[in-house]
S.K.: 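Let me give you the structure first, and then I'll get to my questions.
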Amino acid sequence: QVQLVESGGGLVQAGGSLRLSCEASGRVFSGSATGWYRQAPGKQRELVATITSGGTTNYVDSVKGRFTISRDNAKDTVYLQMNSLKPEDTAVYYCRAYAYGVWGQGTQVTVSS
């Protein structure tokens, strides 16, 4: 059974950076598109960034130029580098491997003003 584990969240001041990791149990990401999502309190979960198995990336407008999604096939890990963080980026961040339809447990990101 495929499992995803996110890590790297935390508390950071506005303007700071964090790198989130999503590690899979098994060879998952090299053959599956992956997405990072986030859910703020009282809001719906929203898609933040995606990376296809071929490496094509896409971002929601609000994070373009600040966030970068990448993948290390050897480590079976997908990353989300987040720079110039804003208080509105505060949320629980989740990764999803589309080919397997599974979610990670989430990692909390809190950006203070």
S.K.: Give me the atom names and distance for the closest heavy-atom approach of Val28 to Ala97.
M.R.: CG1-CB, 3.8 Å
S.K.: Kindly determine whether Gln39 and Gln44 satisfy side chain to side chain contact (heavy atoms under 4.5 Å, CB included), including the steps that lead there.
M.R.: CA-CA 6 Å; Gln39 187 166 18; Gln44 290 188 334; 5.6 Å; no
S.K.: Is there a path of hydrophobic side-chain contacts, each under 4.5 Å between heavy atoms of I, L, V, M, F, W or Y residues, that connects Trp36 with Val5?
M.R.: no
S.K.: To the nearest 0.5 Å, what is the distance between CG (Leu4) and OG1 (Thr34)?
M.R.: 8.0 Å
S.K.: Which distance, rounded to the nearest 0.5 Å, do you find between the CZ of Phe29 and the CZ of Arg71?
M.R.: 9.0 Å
S.K.: Quick one: do Met82 and Tyr94 end up in the same hydrophobic cluster if we chain Ile, Leu, Val, Met, Phe, Trp and Tyr together by side-chain heavy atoms under 4.5 Å apart?
M.R.: no
S.K.: Run Ser17 and Gln81 through side chain to side chain contact (heavy atoms under 4.5 Å, CB included) and show every step you take.
M.R.: CA-CA 8 Å; Ser17 299; Gln81 178 67 44; 4.0 Å; yes
S.K.: Can you get from Val92 to Val111 by hopping between Ile, Leu, Val, Met, Phe, Trp and Tyr side chains that sit under 4.5 Å apart?
M.R.: no
S.K.: With a 4.5 Å cut-off on side-chain heavy atoms, are Leu18 and Val109 touching?
M.R.: yes
S.K.: When hydrophobic residues are tied together by side-chain contacts of less than 4.5 Å, even through go-betweens, does Val60 share a cluster with Tyr37?
M.R.: no
S.K.: I need the Leu20 CG to Thr77 OG1 distance, nearest 0.5 Å.
M.R.: 12.5 Å
S.K.: Return the CZ to OG distance between Arg66 and Ser84, rounded to the nearest 0.5 Å.
M.R.: 7.0 Å
S.K.: Could you go step by step and tell me if Tyr59 and Ile69 meet the side chain to side chain contact (heavy atoms under 4.5 Å, CB included) rule?
M.R.: CA-CA 9 Å; Tyr59 303 90; Ile69 188 171; 3.5 Å; yes
S.K.: Ion pair present between Glu46 and Arg38, side-chain N to carboxylate O less than 4.0 angstrom?
M.R.: yes
S.K.: Let me check something: do Tyr79 and Leu85 share a hydrophobic cluster, defined by ILVMFWY side-chain heavy atoms less than 4.5 Å apart, either directly or through other members?
M.R.: no
S.K.: Any disulfide (SG to SG under 2.5 Å) involving residues 40-94? Give me the pairs, sequence neighbours left out, ordered by first then second residue.
M.R.: none
S.K.: Return the OG to OH distance between Ser7 and Tyr93, rounded to the nearest 0.5 Å.
M.R.: 15.0 Å
S.K.: Report yes or no: does Thr90 contribute a side-chain atom to a donor-acceptor pair with the main-chain N or O of Pro87 at less than 3.5 Å?
M.R.: yes
S.K.: Between Asp89 and Lys86, is there a side-chain N and carboxylate O pair less than 4.0 Å apart?
M.R.: no
S.K.: Is the side chain of Ser25 donor-acceptor paired with the backbone N or O of Gln3 at a distance under 3.5 Å, no angle test?
M.R.: yes
S.K.: Hey, is the main chain of Glu6 close enough, under 3.5 Å, to the side chain of Glu23 for a donor-acceptor pair?
M.R.: no
S.K.: About how many Å separate CZ of Phe67 and CG of Leu80, when rounded to the nearest 0.5 Å?
M.R.: 6.0 Å
